[in-house]
Asks: 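There's a structure below that I have some questions on.
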Amino acid sequence: MRDDLLTLRGMRNILPREKAKINKIESEIRRLFKVYGFKEVETPTIEPLELFELKSGEEIRHRMYRFTDLGGRNVVLRPEVTASVAKLVVQEMRSMPLPIKIGYILNVFRYDEPQHGRYREFKQGGFEIFGSKSPLADAEILEVSSRLMDSLGIGNYYVKIGHEGVLRAILTRFGVEENIQDRVLGLIDKEKLSEAFEILASLQKGVEVTELIKRLWEIKSRNPAEALRKAEAVVKDIPEAIEQLDNLREIIELAQASGVGEVIVDMGFARGLDYYTGMIFEVYVKDLRIAVGGGGRYDKLTGILGWDIPAVGCAPGIDRLSLVLNDDIVPKDDIICLIISMVKEGDLLASRLAGMMRARGIPTMVDPTRRDLNKALSYASKRGFKYVAIIGSKEVENKVVTLKDMEAGSQEELKPEQIVEKLSQYSI
RNA sequence: GCCGCUGUAGCGUAACCAGGCAGCGCGGUGGCCUGUGGAGCCACUUGUCCGAGUUCAAAUCUCGGCGGCGGCCCCA
């Protein structure tokens with residue numbers, strides 16, 4: 001293989017076994033689209049650079065595949081889908097009744113260093129609800145994320161949940177501007193608290209705000225009620241923050257009522273995307289360090305694009321789900337019968353039989369090689385086919401086909417119609 | 001962007017530490033064997049990631065690049 005033609009770093013070929021798992025995950029996601037009323041859409045792979053400069057956050061921004069197209073436009077391969085879908089809704093769906101529920105399954109591109117579960121091209125599913133501020137919408141997003149895990153048979157997962165509104169309410173109370181808030185939350189997200197505090201200190205915001213954030217940041221618990229109680233005690237003098245906490249409590253209660261699995265509340269949790277305004281979460285599988293999905297509320301994003309409606313959504317990571325999925329979740333599907341025509345005069349009968357089988361939906365293959373019967377049987381054996389249909393000069397003469405059961409080793413001479421009938425139980 | 005491990009045929013590996021003819025298994029192709037001997041036998045197929053350095057001699061030692069795997073960061 002010429003090494004200048006090798007697959008690019010971070011890109012990969014997806015082989016049949018892996019692809020079958022991915023298909024399984026996608027079909028579960030599409031089933032949930034229908035069960036929950038999300039309409040699937042597709043957005044362009046290439047978007048204007050500006051779309052993601054707006055609110056996607058520093059982390060994603062400097063990992064974009066960006067280039068100038070032949071028309072001189074600054075463009076990127078989408079690093080995420082939410083901004084595109086928000087734009088789609090603003091651009092195309094202004095006359096639709098709210099709420100608008102949109103789903104997607106699309107590939108995205110980020111120029112990260114590849115490692116376990118991280119590629120430069122990967123696939124996300126997505127569930128987005130536009131036009132509702134209600135905690136019911138937040139809870140539904142948590143519910144559908146959780147339901148996907150259940151329906152894929154992934155039991156050992158938990159949801160890490162936080163709320164950017166609480167932190168933002170505190171910062172707003174102390175007069176910190178929004179773009180500074182984005183930076184501070186970004187640093188808190190990276191657990192670089194001291195750097196976040198340096199920014200606040202340089203703005204002369206006093207020690208009180210850093211103290212509040214620090215105490216809030218320390219609250220992490222598997223017991224949501226307990227975490228919320230502690231958080232309330234911290235922000236008791238800031239009504240706007242209390243309001244946000246109440247919102248989080250309501251969301252968690254609704255989510256648990258609908259059957260969301262284990263929840264861990266983390267008040268110091270922020271996310272790298274700047275557009276989040278409220279509840280945020282990530283889904284983790286135990287024993288795997290990386291998130292298999294995430295999401296949150298982003299009430300300001302569509303406003304920037306020209307239609308001010310609240311929104312909440314999530315994105316399951318299809319490749320990462322595949323990583324934790326057992327191979328045996330996908331049924332083996334393979335050819336049931338290999339038709340071997342040993343002489344040229346048998347080809348016509350072979351074609352006729354193959355046509356009849358396939359019309360009935362029986363997975364059938366005609367051996368196209370005209371090799372020794374031994375080798376053809378060897379091929380069928382290695383591939384695990386259930387039956388071979390042998391057509392030689394003897395069969396042509398008697399207008400029959402020898403059907404051999406590869407597992408039992410037995411065989412019988414049958415008319416083509418009889419073979420179709422016998423194997424019709426395998427039709428798909 | 002940073003760090004660690006690693007790189008031998010299509011795949012899996014031996015030889016590497018301690019420099020001296022690159023070997024094996026699987027696969028693939030062709031042939032032999034009257035059409036079921038799903039086997040066997042024979043033959044063929046293809047390789048030391050790239051580039052410098054040390055050396056009489058480099059798959060082996062050194063350096064750099066590239067790739068793979070993994071970790072940090074971030075996420076999906």
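Chain letters run A, B, ... following the sequence lines, proteins first and then strands; every chain starts at 1.
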Asks: Is there a donor and acceptor pair closer than 3.5 Å between the side chain of Ser378(A) and the base of G38(B)?
Replies: no

Asks: Ignoring the backbone of His116(A), work out which of G71(B), G35(B), G28(B) is nearest its side chain.
Replies: G71(B)

Asks: Kindly indicate whether the side chain of Gln115(A) and the base of C72(B) share any N or O donor-acceptor pair separated by less than 3.5 Å?
Replies: yes

Asks: Between Asp372(A) (CG) and G37(B) (P), how many Å, whole number?
Replies: 13 Å

Asks: Tell me which nucleotide among G35(B), C74(B), G28(B) gets nearest to the side chain of Ile290(A).
Replies: C74(B)

Asks: Nearest to the side chain of Asp112(A), heavy atoms from C-beta on, is which of C74(B), G35(B), G37(B)?
Replies: C74(B)

Asks: Using the P atom as the point on both nucleotides, what is the distance between G4(B) and C11(B), in whole Å?
Replies: 28 Å

Asks: Does a donor on one side chain sit under 3.5 Å from an acceptor on the other, for Asp112(A) and Tyr119(A)?
Replies: no

Asks: Between Tyr275(A) and Glu80(A), is any side-chain donor less than 3.5 angstrom from a side-chain acceptor?
Replies: yes

Asks: Using the C1' atom on both, measure G20(B) against U60(B) and round to a whole Å.
Replies: 11 Å

Asks: So, applying salt bridge (charged side-chain N to carboxylate O under 4.0 Å, His left out) with Asp319(A), which one of Arg12(A), Arg120(A), Lys123(A), Lys21(A) is it?
Replies: Arg12(A)

Asks: Any side-chain N or O of Arg289(A) under 4.0 Å from OP1/OP2 of C72(B)?
Replies: yes

Asks: Hey, are the side chains of Glu140(A) and Arg147(A) touching, using non-hydrogen atoms and a 4.5 Å cut-off?
Replies: no

Asks: Does the base of C74(B) carry an N or O that pairs as donor and acceptor with the side chain of Arg118(A) under 3.5 Å?
Replies: yes

Asks: To the nearest angstrom, how far is Ile60(A) atom CD1 from G1(B) atom P?
Replies: 18 Å

Asks: Do Glu345(A) and Ser393(A) pair up side chain to side chain, a donor and an acceptor below 3.5 Å, judged on atom types alone?
Replies: no

Asks: Could you measure between the two P atoms, the one in U34(B) and the one in G25(B), and give it in whole Å?
Replies: 28 Å

Asks: Would you say the side chain of Ser410(A) lies within less than 4.5 Å of the side chain of Lys404(A), judging by non-hydrogen atoms?
Replies: no

Asks: Just to be sure I understand: a Watson-Crick pair is purine N1 to pyrimidine N3 plus N6-O4 or O6-N4, both under 3.5 Å. Using that and G-U wobbles, which stems of three or more pairs involve RNA chain B?
Replies: B:1-7 with B:66-72, B:10-13 with B:23-26, B:27-32 with B:40-45, B:49-53 with B:61-65

Asks: So, Gln411(A) and Thr402(A): side-chain donor and acceptor under 3.5 Å apart, yes or no?
Replies: no

Asks: OP1 or OP2 of G68(B) less than 4.0 angstrom from a side-chain nitrogen or oxygen of Arg9(A), does that happen here?
Replies: yes

Asks: Does a nitrogen or oxygen in the side chain of Lys375(A) sit under 4.0 Å from OP1 or OP2 of G28(B)?
Replies: no

